[in-house]
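Protein chains get the first letters and strands the later ones, always in sequence-line order, with residue 1 at the start of each.
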Amino acid sequence: MSKHKNSEPSPEVILPITPMLDMAFQLLTFFIFTYNPSGLEGQFDLSLPSENEAAAKETKQPPPPPDPDAPPKIEADVTIVVEAVTDDINRGEIAKIHIKQNSGSIIVGDLKELFENLKLANETATEKEVIKIQPASKLKWSNVIMVADTCRKAGFKNVSFVEPPGFNISVVN
Amino acid sequence: MSHGASDEGNMEPNLTPLLDVVLQLLMFFMMCVNFVTNQVSEEIVLPESMSAVPMDKNEVDVLFVNLRPFILKDYESKGATALQKLTDKFKEGDPFIIILGEEPMRFSEFKFWLRNQFNTLKRTSKDGKVKTTIVMRAHKLTDYDQVYRVLQMCKIEGFRQIKLRAVTKSVAQPI
């Protein structure tokens, strides 16, 4: 028997690669079209007060002693108040920007003007990195980010957001 | 010469390296797609920012919160039943909170969900402290007071670390 088996030529095994390749290409095309590069997303850090402080605010108790782990609170010399357009066509766009400092307040109309004034303000400010932004309630988020970008570009690296004018804290609780 | 002549009748392209490359590309895209769908919602169009820093890939203890205004025309392609369900719950311009794996939420529902999440995280934490970071993805058309409200909710519930997402824009572009 074994002699007979050895004399026969071994059968040629053909692996059908073509359908597999077709399938692979189809899947590849699908994933290329649906690929959404998340690598373009970036982020900003935002630190919030300690749990004790937040809880005290909720129950309207006096604030607790400062958290030793929390970063020191530094008051800003410059505050930016951004007003929003309220008409139906341009609702949420920037109407006016106020730059408030200890020395007084300036009103600017656009981001370019804001940048130039902030550069000057940065030279005289005691806290050169800290700035507060108080956007109007109905200002679009993209405009808030644009104002924050302008502040960072002018040298204020630590940007914090303040509650909008007329914001009712009780709606959160 | 005779060796070359005998090969002429059996000329087949070598598909193995091609197949290797194709399968590697396929694997890459499959992994990327899985990664993206786990974290973000396509319904959110992020604002552009020059100063946003790249994401920290090592940060795994995060909760994603997607916020946008409800705009009916963006959801018209959904089925009639799904659309009816949404319009029963949300009016045009209402804040619309999307957490993947959950139904779209209003502020009141989100506050309840956030409290549950915080309590669960606190219970399961080894030292009783919650170190989870909230990653806030707000749509560029969202009103500031809605974003601020979500931030305040996170703060009141006890979350201390919040990151705001934006699409990174080239620094070379003018203001």
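Distance check, rounded to the nearest 0.5 Å: CD1 of Ile145(A) to CG of Leu46(B) gives 9.5 Å. Rounded to the nearest 0.5 Å, atoms OG (Ser49(B)) and CE (Met146(A)) are 11.0 Å apart.
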**Request:** Apply side-chain contact (heavy atoms from CB on, under 4.5 Å) to the pair Leu28(A) and Phe28(B), showing each step before the final yes or no.
**Result:** CA-CA 10 Å; Leu28(A) 188 61; Phe28(B) 166 76; over 6 Å; no
**Request:** Please step through side-chain contact (heavy atoms from CB on, under 4.5 Å) for the pair Leu164(B) and Gln43(A), ending with a clear verdict.
**Result:** CA-CA 5 Å; Leu164(B) 301 169; Gln43(A) 59 194 16; over 6 Å; no
**Message:** With side-chain contact (heavy atoms from CB on, under 4.5 Å) as the criterion, how do Lys153(A) and Met50(B) come out once you've worked through the C-alpha distance, each side chain's angles and the decisive distance to 0.1 Å?
**Reply:** CA-CA 9 Å; Lys153(A) 204 177 171 187; Met50(B) 287 183 289; 4.2 Å; yes
**Prompt:** Run the side-chain contact (heavy atoms from CB on, under 4.5 Å) check on Gln146(B) and Trp141(A) step by step: do they pass?
**Reply:** CA-CA 9 Å; Gln146(B) 294 180 357; Trp141(A) 182 235; over 6 Å; no
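Closest approach of Asp143(B) to Ser137(A), counting heavy atoms only: CB-O, 3.6 Å. Between Val162(A) and Tyr148(B), the shortest heavy-atom distance links the atoms C-CE1, 3.9 Å. When all heavy atoms of Lys138(A) and Asp145(B) are compared, the pair lying nearest together is NZ-OD2, 3.2 Å. In plain terms, the two heavy atoms of Met20(A) and Leu23(B) that are nearest each other are CE-CD1, 4.3 Å.
In this structure, the portions of Leu26(B) lying under 4.5 Å from any heavy atom of chain A include both its backbone and its side chain. For Val167(B), the parts sitting under 4.5 Å from any heavy atom of chain A are the backbone and the side chain alike. With a 4.5 angstrom heavy-atom cutoff, Ala84(A) does not touch chain B via any of its atoms. When heavy atoms are compared at a cutoff of 4.5 Å, Leu114(A) does not approach chain B at all. If you measure heavy-atom distances from Leu25(B) to chain A, the contacts under 4.5 Å come from both the backbone and the side chain.
Within a 6.0 Å sphere centred on CD of Glu103(B), other residues, nucleotides and ligands contribute 12 heavy atoms or fewer. By the 6.0 Å contact criterion, NZ on Lys89(B) is enclosed, its count of non-hydrogen atoms from other residues, nucleotides or ligands being greater than 12. Around CG of Asp88(A), the count of heavy atoms belonging to other residues, nucleotides or ligands within 6.0 Å does not exceed 12.
If you chain together hydrophobic residues whose side chains sit under 4.5 Å apart, Leu86(B) and Leu141(B) never meet in one group. Each of Val108(A) and Val85(A) belongs to its own hydrophobic cluster when Ile, Leu, Val, Met, Phe, Trp and Tyr are linked at side-chain heavy-atom distances under 4.5 angstrom. Hydrophobic clustering (ILVMFWY, side-chain heavy atoms < 4.5 Å, transitive): Phe30(A) and Leu19(B) are in one cluster. Note on Trp113(B): it clusters hydrophobically with Ile97(B), by side-chain heavy-atom contacts below 4.5 Å among ILVMFWY residues. Hydrophobic clustering, with ILVMFWY side chains joined whenever heavy atoms are under 4.5 angstrom apart, groups Val21(B) together with Phe25(A).
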Validation: residues 74-81 of chain B side-chain donor-acceptor distances under 3.5 Å, sequence neighbours left out:
{"from": "Asp74(B)", "atom 1": "OD2", "to": "Arg68(B)", "atom 2": "NH2", "distance (Å)": "2.5"}
{"from": "Tyr75(B)", "atom 1": "OH", "to": "Glu43(B)", "atom 2": "OE1", "distance (Å)": "2.5"}

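Residues Phe29(B) and Ile32(A) have side chains in contact (heavy-atom distance under 4.5 Å, counting atoms from C-beta outward).
Classification of the Phe161(A)-Tyr144(B) ring pair by plane angle, with boundaries at 30° and 60°, yields tilted.
Across Leu21(A), Asn143(A), Thr18(A), the residue that shares the most heavy-atom pairs under 4.5 angstrom with chain B is Leu21(A).
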